[in-house]
Amino acid sequence: MADRMVRTPTLSLRRYNLIYGFNGSGKSTLSRLFASLQSGNRDGKLPPACAFEFELDDGAILGCPDKLTGLEQRVLVFNADFVEHNLQWATGTANPVFYIGREQAELAAELARQEAAVPAAQLRRTNADVLLKAKEKAFATFKRERAKLVAENLRLRNRKYEAPQLVQDFGTLDLGPGADLTEEQLEAAKATCRLDEPMARVNELTFQDRPIVETISQARELAAQTPGTVVIAELSQHPDMVLWVKEGATYHNAHDLETCLFCTGPIQPARREVLERAFDDKLERFLELVGSAHADGEATLSALADLRIAVATLDAVSVELRQPYKETRERLIEAIKACERLVSGGVAVLADKKGKPTQPADAGGLASEPDIAEAVAALTGILGELNGLLRAHNERIDGFDRYQEDARIAVRRHYLASGRVEYDALVADQKAAETEAISAEADLTHLTQEVARLKSEVREHGPAADKINKLIESYLGHGELTISAVAEGYEIHRHGRLVEGTPSEGEKTAIALCYFISTLESDGRKLKDLIVVVDDPISSLDTKALNFACALVKSRLDKAGQLFVLTHNQQCMNEFKKAWKNRHRPIEKDKAPTATFLFMDVTIPKGGTARSASFVEMSKLLRDYDFEYHFLFHHVLKFEAETDPEFEYAYMMPNVLRRVLDVFLAFRCPGSSGLAPKIAQLCAEYTDLDQDRITALERLAQVESHSESLDDLIGFSSMTLEETRDANATLLEMMRIVDPAHLAHLRRICA
């Protein structure tokens, strides 16, 4: 069938609907769409990929594949599938038709109440399933996205971190206080996770603090001391010259110089003796002591500077230790600088003493012993803290795998802890939805079981047999065939015995249609609530049977809530057209129509190869006439006027031409002779006819058409389009020559 789009004109389906179409146009498929609503599942004879929708008056949408429930008790379909399912001709049996007995009135009332509750229970179950799927999807999405977030930050090389591991972690990891990391802690842990190999070990720093105290102590002690010798009076006035004079005297004596290199004057023995007494070994030893103390002080300063530089340049420690290490390093550098300042003061005093050994040096600026002790203790303590961090770093390096795994656990705990509230809520939602789905399913199962139990107690299929038999007798005009109730259903009897052989087609039609009508009000249904679909109720060409079957459908189904009659039989169509004429076009102008007449129009669309059926309003030529002659002739005229080589009705034109020719010749050449003799008779009477073209038309009618009617038009003629078009023109030319008035009148009607 052709797809119906948003802009496709509405079908205007009403209470009574007559749908006429040739065989193969899709009527059986349409009836199976309705049958899907009756069963609540896609009909087994529809294609697996079939999709369709029905829109109800209240706006509700039912459709395939998953929205077919809701009208199971209101839709009844009579078609070949119904007959095949319920009537077994070969065995002469039929399925039971159940009626509710009067004796079980209370049970019947309870059954009605329980059945009325079924739609709500089904809706609850459906809603519960939808909700559960939504909650499961939301939970699955959270687990997938959260696991992806964790995996991205773990940087696992040979392992995966997915939803199952996430669920396991939520159940096993401690997500209490401390699981949430600070931003710095998180970044440190993530950096550790990114490491491909451990960092290098770092040696601890060493420093002797005693020289600091000794340098300052010596400076204070030596500042007040002098060599303890008699100093020359002139030198007492110029203490800065003592070392210069001592070096000069030592040099002159060592070189036996008699004259002074500075003033060129002679060196008197008495002066030489005075100088030797002034610069004895006590002064030498004192100078050595001061010089040694000064050198030690310089060495201590250098050691402090080396320590400060080493501390300042060392930062290759484990990531999570870097912040405390940085803070400790800054404190240590300040402690080193403080000690450097103390030692620098002592070195300055010693340098001054070294330059002026005979004069007391000013030691007033040196730190007190408590201050020195405090500074040294600070240096030692902070250095110990720093070395503690370095030991922690080395421990991590020595146990790198465990250290990295701990970092990964910390990252997992952090991201799980941050999503714990949402995780718990999703778990609770899914459990609640599961509980509701289980409860809804259990309640629906219990309800359906209760309905089945009540039905088994109140159902009787015996009474239906009498109704069916009365209908069959009226239909056939005799009581030979009857339906007899047995334990599992019915048996078909002839003259009171199980039927032998298969009933005739007319008898099958009678039994099937009467059987179907008996089901309308079975199981407590009411006709006024039903949507009834009858697909081709006529299988016998017997006029009496046809009329009775149509009358039976019209009378017994007139009170149905909505009725659809699908037929390919023109006589059947005419019966319902007549019966519903005033419903289709009410005599009273202010009265709305209640009947719709539709035609299933089959074409091969331009550029296509497959036939496509669509619903169109029934042609006036079908609606207003009891024969299809006018409708078929209308196609002849359309073919005459059409110049497109891909004429959408081309596939059916040989059959149309044959049927029009049959009807025309039946009136022009009465009698029982065949097509060829009648054409020969016309050619003899009308010499203006082109006998060669008439022969081609006869060949097309005899060979290329498929049947005596349009019912079997399901294939494309092998005749070329050009030959068919020429035959079409030949038919019109023949009608013009033989009966121009008839042709002109047909053209006016079909215009």
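Nearest heavy atoms, Gly92 versus Leu498: O-CD1, 3.6 Å. The heavy-atom pair separating His634 from Cys750 by the smallest distance is ND1-O, 3.4 Å.
In this structure, Glu110 pairs ionically with Arg113, as a charged nitrogen and a carboxylate oxygen lie closer than 4.0 Å. A salt bridge between Glu450 and Arg453 is present, with a side-chain N of the basic residue lying under 4.0 Å from a carboxylate O of the acidic one. Salt bridge Arg494/Glu507: present, at least one basic N to carboxylate O contact under 4.0 Å. Taking the charged nitrogens against the carboxylate oxygens, Arg658 and Asp662 do have a contact shorter than 4.0 Å, which makes a salt bridge.
Side-chain N/O atoms of Glu491 and His493 include a donor and acceptor closer than 3.5 Å. Between the side chains of Arg14 and Thr596, at least one donor N or O lies within less than 3.5 Å of an accepting N or O. Side-chain contact check for Gln571 and Glu575: no donor-acceptor pair (N or O, by modelled atom type) lies under 3.5 Å.
Within a 6.0 Å radius of NZ in Lys581, other residues, nucleotides and ligands contribute 12 heavy atoms or fewer. Heavy-atom contacts from other residues, nucleotides or ligands closer than 6.0 Å to CD1 of Ile61 number more than 12.
Taking the six-membered ring where the residue is Trp, Phe82 and Phe516 present perpendicular rings, their angle passing 60° and hence far from 30°. Using cut-offs of 30° and 60° for the angle between ring planes, the Trp580 and Phe597 rings count as parallel. The aromatic rings of Phe631 and His635 sit perpendicular, their planes meeting at an angle over 60°, well past the 30° parallel limit.
Side-chain N or O atoms of Lys27 include one that pairs as donor or acceptor with a backbone N or O of Gly21 at under 3.5 Å. With hydrogens and angles ignored, the 3.5 Å screen pairs no side-chain donor or acceptor of Arg32 with any backbone N or O of Ser36. A distance-only check finds a donor-acceptor pair linking the side chain of Thr445 to the backbone of Glu441 [under 3.5 Å]. Within the 3.5 Å criterion, the main-chain N or O of Ile483 finds a donor-acceptor partner in the side chain of Asn469. At least one donor-acceptor pair closer than 3.5 Å links the side chain of Arg15 to the backbone N or O of Ala560.
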Query raised in the report: What's the verdict on salt bridge (Lys or Arg N to Asp or Glu O under 4.0 Å) for Asp558 and Arg583, showing C-alpha distance, side-chain angles and the deciding distance?
Result: CA-CA 12 Å; Asp558 188 66; Arg583 289 172 173 170; 2.9 Å; yes
Report task. Walk me through it: do Asp466 and Lys470 pass the test salt bridge (Lys or Arg N to Asp or Glu O under 4.0 Å)? Result -> CA-CA 6 Å; Asp466 294 336; Lys470 289 178 181 179; over 6 Å; no
Query - Check against side-chain contact (heavy atoms from CB on, under 4.5 Å), Phe54 and Leu71 - result: CA-CA 11 Å; Phe54 285 89; Leu71 292 180; over 6 Å; no
Query raised in the report: Which is it for Lys135 and Glu436 under the salt bridge (Lys or Arg N to Asp or Glu O under 4.0 Å) test, yes or no, and what are the steps along the way?
Result: CA-CA 12 Å; Lys135 296 302 181 183; Glu436 170 61 12; over 6 Å; no
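No option in Leu566, Leu13, Asn17 other than Leu13 meets the side-chain contact (heavy atoms from CB on, under 4.5 Å) test with Leu598.
Note: Phe139 CZ to Gln430 CD = 6.0 Å, rounded to the nearest 0.5 Å.
Sorted by first then second residue, the side chain to side chain donor-acceptor pair (under 3.5 Å) pairs that include residues 61-79, not counting sequence neighbours, are Ser31-Asn79.
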